[in-house]
Amino acid sequence: MKILLLAGDGIGPEIMAEAEKVLAALNLTVTLDRALVGGAAYEATGHPLPPETLAKAEAADAILFGAVGDPRFDSVERHLRPEQAILGLRSELGLFANLRPAKLFAGLEDSSALRPEVAAAIDLLIVRELNGDVYFGEKGTRTTASGEREGYDVMSYSESEVRRIAHVAFRAAQGRQKRLCSVDKANVLETSQLWRDVVIEVAADYPDVALTHMYVDNAAMQLVRNPGQFDVVVTGNLFGDILSDQASMCVGSIGLLASASLSEGKQGLYEPIHGSAPDIAGKGIANPLAMILSLAMLLRHSGGDEASAARIETAVGQVLADGCRGADLGGNMGTAALGDAVVSVLNG
Ligand code: IPM
Ligand code: MG
């Protein structure tokens with residue numbers, strides 16, 4: 001398997017180093033390559049997703065991605081900002097299906113923003129559409145007839161886009177508790193009404209899955225009121241972005257949630273759901289566990305190596321059960337110490 005490592009900006013390189021330690025400890029036969037991405041690539045080449053990085057990504061079986069974003073480049077033109085690198089990879093590689101699992105690790109009940117007994121029940125999977133929606137619609141600023149500046153971003157979904165993500169979500173539900181909740185805003189948005197109609201059509205192929213629908217505002221409320229009610233949640237790009245950050249605090253820290261971005265084939269990009277955290281970059285205190293769990297998802301989905309994926313996830317669970325905590329969870333273990341703890345469980 002050819003894996004491309006894209007560490008990116010901020011805490012990206014620090015947490016990537018820990019994922020590499022874990023990969024090395026597994027002694028797998030993989031080929032590693034590296035490239036610049038995000039602000040780091042913009043600084044070196046003038047573009048956040050340079051052609052050589054994109055070419056390497058296209059040639060890789062899987063991409064392990066750190067994070068992009070650097071406040072130094074917040075005022076450059078939008079198409080040259082660091083964030084465009086991840087958006088470009090998602091669209092150029094057709095990575096339309098984003099899987100964001102959220103499950104409470106034993107021992108973290110008191111770290112959740114929710115009451116322990118509410119948090120304990122969390123075991124859900126957010127299936128976020130990643131190639132469409134307001135993220136990729138026409139956007140710009142214009143001047144209205146009255147001379148005011150106006151910004152706009154067009155939200156749209158075609159039925160084929162909804163259908164393919166719905167199939168991914170139904171299949172995921174079949175492998176879990178067979179419950180799928182589709183989240184939309186069909187009471188206000190035409191895009192959402194079409195989304196809902198198409199999801200209902202696709203449901204005919206999955207009679208064993210119980211489908212429900214929820215408006216996104218209610219879903220945000222239910223996610224903190226009773227998150228245990230959710231099994232698989234399928235939603236659009238923008239709603240999925242927001243709800244997955246919210247889910248992360250329900251399990252204790254945004255430093256714990258991994259994600260897989262998949263295309264129709266086996267290729268995938270794997271990244272923590274958090275960003276580059278420029279405020280703590282370079283301090284050696286970032287939580288590397290979401291990055292390490294992203295490596296597990298890579299081995300499972302692109303490598304077909306369920307055994308290694310499970311070994312990593314069990315080791316992370318063990319490290320947390322042993323009481324290892326970084327600053328994000330109120331402890332004082334640094335990035336490298338947490339990575340070493342996972343490696344030592346794996347070597348144990
Ligand atoms: C995420 C991030 C990205 C997104 C940003 C960095 C463009 O927030 O992966 O959730 O909005 O999708
Ligand atoms: Mg996000």
Side-chain angles (χ1 to χ4, degrees), residues 6-13 15-16 36-42 47-49 53 57 63-74 76-102 124-137 139 153 155 157 161 165 183 216 219-220 223 233-251 253-263 268-281 286-287 290-291 293-294 297-298 301 328:
L6 298 177
D9 304 323
I11 60 171
I15 57 175
M16 183 64 81
L36 290 174
V37 77
Y42 174 74
H47 200 284
L49 182 58
T53 300
I63 301 151
L64 192 61
F65 189 95
V68 287
D70 186 328
R72 289 180 300 154
F73 307 123
D74 277 354
V76 307
E77 283 172 79
R78 179 168 303 281
H79 74 280
L80 293 175
R81 288 194 206 162
E83 289 78 5
Q84 293 305 310
I86 185 61
L87 298 176
L89 283 166
R90 289 170 181 172
S91 70
E92 291 291 333
L93 302 178
L95 304 168
F96 70 94
N98 189 211
L99 310 183
R100 300 191 157 187
L124 58 88
L125 172 68
I126 296 179
V127 177
R128 170 189 177 197
E129 200 291 329
L130 213 51
N131 277 177
D133 204 349
V134 70
Y135 270 61
F136 291 99
K139 57 180 77 236
D153 299 84
M155 173 182 274
Y157 265 122
E161 286 177 307
I165 193 70
V183 170
V216 63
L223 197 53
V233 171
V234 63
T235 190
N237 207 344
L238 180 64
F239 300 156
D241 180 44
I242 299 166
L243 292 178
S244 57
D245 267 34
Q246 191 183 341
S248 75
M249 279 322 287
C250 301
V251 301
S253 166
I254 195 163
L256 292 173
L257 286 214
S259 84
S261 304
L262 307 174
S263 61
L269 180 150
Y270 304 83
E271 56 170 329
I273 79 152
H274 62 67
S276 58
D279 53 325
I280 58 165
N287 184 344
M291 185 81 247
L293 291 167
S294 299
M297 293 190 88
L298 180 154
H301 292 280
D328 57 326

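Counting starts at 1 for both ligands and their atoms, in listed order. Counting begins at 1 with the first residue of the sequence.
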Location of contacts on Q84 toward ligand 1, heavy atoms closer than 4.0 Å: neither
Proximity to ligand 1 by part of R100, non-hydrogen separation under 4.0 Å: side chain
Within-cut-off N or O pair, E271 and ligand 1, under 3.5 Å: no
D328 side chain to S253 side chain, donor-acceptor N/O pair below 3.5 angstrom: yes
Aromatic plane relationship, Y42 with F73 - under 30° parallel, 30 to 60° tilted, over 60° perpendicular: perpendicular
Lys/Arg N to Asp/Glu carboxylate O, E129 vs R90, below 4.0 Å: no
N/O/S from D245 sitting under 2.8 Å away from the Mg ion (ligand 2): no
Numbered atoms and elements of ligand 1 in range of R128, under 4.0 angstrom, heavy atoms: 1 (C), 4 (C), 9 (O), 10 (O), 11 (O), 12 (O)
Pair H274-S248, side chain to side chain contact (heavy atoms under 4.5 Å, CB included): steps then yes or no: CA-CA 9 Å; H274 62 67; S248 75; over 6 Å; no
Winner among I242, D241, N237, D245 once heavy atoms are compared against atom 8 (O) of ligand 1: D241
Heavy-atom nearest neighbour of atom 9 (O) of ligand 1 within options R90, E83, H274: R90
Minimum heavy-atom distance A290-L257, with the two atoms named: CB-O, 3.4 Å
Criterion side chain to side chain contact (heavy atoms under 4.5 Å, CB included) on L93 and S263, from CA distance to verdict: CA-CA 7 Å; L93 302 178; S263 61; over 6 Å; no
For the Mg ion (ligand 2): the N/O/S atom of D241 at shortest distance: OD1
Shortest protein heavy-atom distance from atom 11 (O) of ligand 1, along with the residue and atom involved: Y135 OH, 2.5 Å
Contact bool for atom 4 (C) of ligand 1 (protein heavy atom, d < 4.0 Å): yes
Test item: N131 side-chain N/O and L95 main-chain N/O as donor-acceptor pair under 3.5 Å: yes
